[in-house]
Amino acid sequence: MSTRYPFTAVVGMDDLRLALLLNAVSPAVGGVLVRGEKGTAKSTAVRALADLLPEVAVVPGCRFSCDPAAPDPDCPDGPHENGPGAARAARMVELPVGASEDRLVGALDIERALGEGVKAFEPGLLADAHRGILYVDEVNLLHDHLIDLLLDAAAMGSSYVEREGVSVRHAARFLLVGTMNPEEGELRPQLLDRFGLTVEVAASREPEQRVEVVRRRLAYDDDPAAFATRWADEEDALRGRIVAARELLPSVVLGDAVLLQIAATCAAFEVDGMRADIVMARTATALAAWAGRTEVTSEDVRQAALLALPHRRRRNPFDAPGLDEDKLDETLERFQGDQGAESDDDPDPDPGPEGPGGGGGGGGVPPQGDSPESPADSPERDGSPDSPDDARPPAAPAPAQGPGERAAVKAAEPFRTKMLSVPGLGEGAAGRRSRARTDHGRTTGSRRPQGALTKLHLTATVQAAAPHQRARGRSGRGLVVRRDDLRQATREGREGNLVLFVVDASGSMAARQRMSAVKGAVLSLLLDAYQRRDKVGLITFRGKDAELALPPTSSVDAAAARLETLPTGGRTPLAAGLLRAHDVLRVERLRDPSRRPLLVVVTDGRATGGPEPVALAGRAARLHAAEGTASVVVDCESGMVRLGLAGELARELGGGAVTLDELRADSIAGLVKDVQGTSRRAA
């Protein structure tokens, strides 16, 4: 087994280390979501936590890690008799982003279940993670069907596996830890709320701290065992402190005054539901135990709010997580009560590194120890990177304004859009837009399994086995089933697509204040793409050329940011925009051939600049039509006189056209209702 990077050797990142340690003290806190740029030691810190967790007692031979003091009565390996347990290290189980459903929840041997009536069950990752840590790197890229299973297990503390009337249930209580890069997309709100705490990490911009990060990482890579030995004393001390805090935790008092502050804080920040209040209470209690105290203070509540609320106050995918600390302090001061822990008898409830609480910054993070590698005067340190990637580059500046261009305007309020989908049946990544063959959805037929059987089509299997029963010597009531009889169910669900926006930012779009409405429409479509789990790309054209403002990505936040800074003005190089889109889609077909594209052209249809701009735009449009690219033109033309150029462009593309007003889902529904009402009156 490879030697992990020591937790105490991670430089800086006080909030991340504190959040992980609080969950080690009190798993009821509910896990941690770590958000941050690439190369900031997110995975290194999480993996290092596993070596600090106390050992767990398990029933010998139980594949589901039952506690010998309170074994699960429904354990598939049970019932368990009373007896001494066996101690083993706490597990950290990693869930790969591309894992199958059976790998996560386990699988039944369908052939034995049908032929012998035996529940032959192979446990999955949820069983392995019971009473340990389930770690998901790049959790924001996890497929929806796996997220659904995680949500069920996290809510019920157990996992159910059902296959055609044969079911298995086992306990699955685990600490959920996820890491993600926000540039690659956001999490579904339901899963986001399941993480107890969240922290943001970023690489330090201080050269001395970055030097220390590199020095430690190089030393570890040269000799992992020797590096770990150098930090063994600090690891043992921290491990002992976790055990002591766990033992103190039941004695911590959460007073009514503190509970009032927690409730008032959650109400002030308008978080949904009551989970935030509960998580804050558990986090504040764990903070007190970590600091060696038996009473929760206002400072514990403040620190708990900074960890538990930022990801719960988002109202839409484009809201950046965060908390107004001035508002937080005002709320806590307003509801300040008499708290004994803050009296003169205890002026320093969270002593520094040399006091019994240890730790220093971040509300009780343990000292890093005196190491020959430690900077002499570096109280604040950065993370040890787990990859050689550089930190995220600064945000792209707003496009330069040329002659005749106007400054960027603010987008109008977004709205719910009409459903746009790719025709036909695809086989792309699971999502919520277009019809596709998927592992989930309604059953549409059957086929012979290719590899392991995952979804049995019972009727087709019985029909395949029935003609051979006499030849196989069937004598009892049971059906004699062979491997060749098994049939895999084929299912139809929804897939995510690549939605490529081609946005006209020319001078004609700036007329009559149209650009604000156009940006609002594109922003609405981006929200729709986020909800339907699409990849998005953004091409803009104005002046003399087209620009790939955002290469295809899962981060709709990045697309919205590029849209916000988009100026308008100049000529309308429509052909350049369409040709640039053709190049982008050609490359994306090579990268991800199963993900079907949807081209969304937002324009009034005008084409100016260069020789024969209209004819050139028509030829560029026919390139997309020849390759069968699904497309829709959002017609931005307004005014009393309409030229219908956008409709002509849609015909050249082989797609449809929709006006800005028709794009609204509510206006479409209202129109249908009015027509139906008129028909009834006429009848």
Side-chain angles (χ1 to χ4, degrees), residues 1-25 32 34 36-55 88-94 132-133 135 137 175 177 179 199 201-243 353-354 358-362 364-391:
M1 180 179 178
S2 61
T3 303
R4 288 193 180 100
Y5 193 95
F7 189 86
T8 50
V10 174
V11 183
M13 296 198 303
D14 290 347
D15 286 341
L16 170 58
R17 291 184 293 139
L18 178 61
L20 292 172
L21 291 170
L22 292 178
N23 276 275
V25 171
V32 185
V34 187
E37 56 199 19
K38 53 187 177 293
T40 49
K42 301 186 297 292
S43 299
T44 296
V46 172
R47 293 186 177 106
L49 178 68
D51 291 335
L52 299 176
L53 297 180
E55 292 185 333
R88 65 158 174 79
R91 290 174 179 163
M92 171 174 283
V93 177
E94 295 196 31
I133 300 174
Y135 172 48
D137 193 14
L175 183 63
V177 180
T179 55
V199 291
V201 296
S204 172
R205 300 300 184 250
E206 295 295 329
E208 294 81 3
Q209 296 174 18
R210 297 176 74 95
V211 166
E212 181 61 21
V213 169
V214 174
R215 182 183 292 122
R216 292 192 186 187
R217 187 70 205 194
L218 292 177
Y220 170 78
D221 290 340
D222 288 342
D223 192 342
F227 186 82
T229 300
R230 189 182 310 169
W231 293 90
D233 291 342
E234 285 83 353
E235 293 282 288
D236 289 340
L238 187 56
R239 196 176 292 111
R241 187 177 172 187
I242 292 173
V243 173
E354 298 186 4
V365 176
Q368 296 300 300
D370 296 327
S371 164
E373 300 178 355
S374 300
D377 51 359
S378 180
E380 196 176 312
R381 301 175 185 175
D382 187 39
S384 168
D386 53 358
S387 71
D389 294 330
D390 293 328

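- By the 30° and 60° cut-offs, the orientation of the rings of Tyr5 relative to Phe227 is tilted.
- Taking 4.5 Å as the limit, some side-chain heavy atom of Arg217 sits within range of a side-chain heavy atom of Thr44.
- For the residue pair Leu20 and Ala45, the shortest heavy atom distance occurs at CD1-O, 3.9 Å.
- Partners of Val211 under the side chain to side chain contact (heavy atoms under 4.5 Å, CB included) rule, at least two apart in sequence or in another chain, are Arg215.
- Distance check, rounded to the nearest 0.5 Å: CD of Glu94 to OG of Ser43 gives 7.5 Å.
- Looking only at atom types and distance, the side chain of Thr8 has no donor-acceptor partner in the side chain of Glu234 under 3.5 Å away.
- Pairing each heavy atom of Ala203 with each of Thr40, the nearest pair is N-CG2, 3.5 Å.
- Partners of Leu175 under the side chain to side chain contact (heavy atoms under 4.5 Å, CB included) rule, at least two apart in sequence or in another chain, are Asn23, Ile133, Val177.
- For Glu235, the salt bridge (charged side-chain N to carboxylate O under 4.0 Å, His left out) criterion is met by no residue, not counting sequence neighbours.
- With sequence neighbours excluded, the residues forming a side chain to side chain contact (heavy atoms under 4.5 Å, CB included) with Ala48 are Phe7, listed by chain and number.
- You'll find the side chain of Leu238 reaches within 4.5 Å of the side chain of Leu21, heavy atoms only.
- The closest donor-acceptor contact from the side chain of Arg91 to the backbone of Ala89 lies at 3.5 Å or more, if one exists at all.
- The nearest pair of heavy atoms linking Thr179 to Val46 is CG2-CG2, 4.1 Å.
- Taking every heavy atom of both residues into account, Pro54 and Ala90 meet most closely at O-CB, 3.8 Å.
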### Task
Test salt bridge (charged side-chain N to carboxylate O under 4.0 Å, His left out) on Glu206 and Arg210 and set out the steps.
CA-CA 6 Å; Glu206 295 295 329; Arg210 297 176 74 95; over 6 Å; no
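- Rounding to the nearest 0.5 Å places CZ of Arg216 at 14.0 Å from CG of Asp221.
- Nearest heavy atom pair, residue Thr3 against residue Pro224, reads CG2-O, 3.8 Å.
- Shown here are the side chain to side chain contact (heavy atoms under 4.5 Å, CB included) partners of Asp223, two or more places apart in sequence or in another chain: Ala225, Ala226.
- Looking at every heavy atom in both residues, Met13 comes nearest to Ala41 through CE-CB, 3.8 Å.
- Remark: Arg239 pairs with Asp236 by the side-chain hydrogen bond (donor to acceptor under 3.5 Å, both in side chains) rule, at least two apart or across chains.
- The backbone N or O of Asp137 lies less than 3.5 Å from no partner atom in the side chain of Lys42, so there is not a single donor-acceptor pair.
- If you take CG on Leu49 and OH on Tyr135, they are separated by 11.5 Å, rounding to the nearest 0.5 Å.
- The shortest side-chain heavy-atom distance between Arg47 and Met92 falls under the 4.5 Å cut-off.
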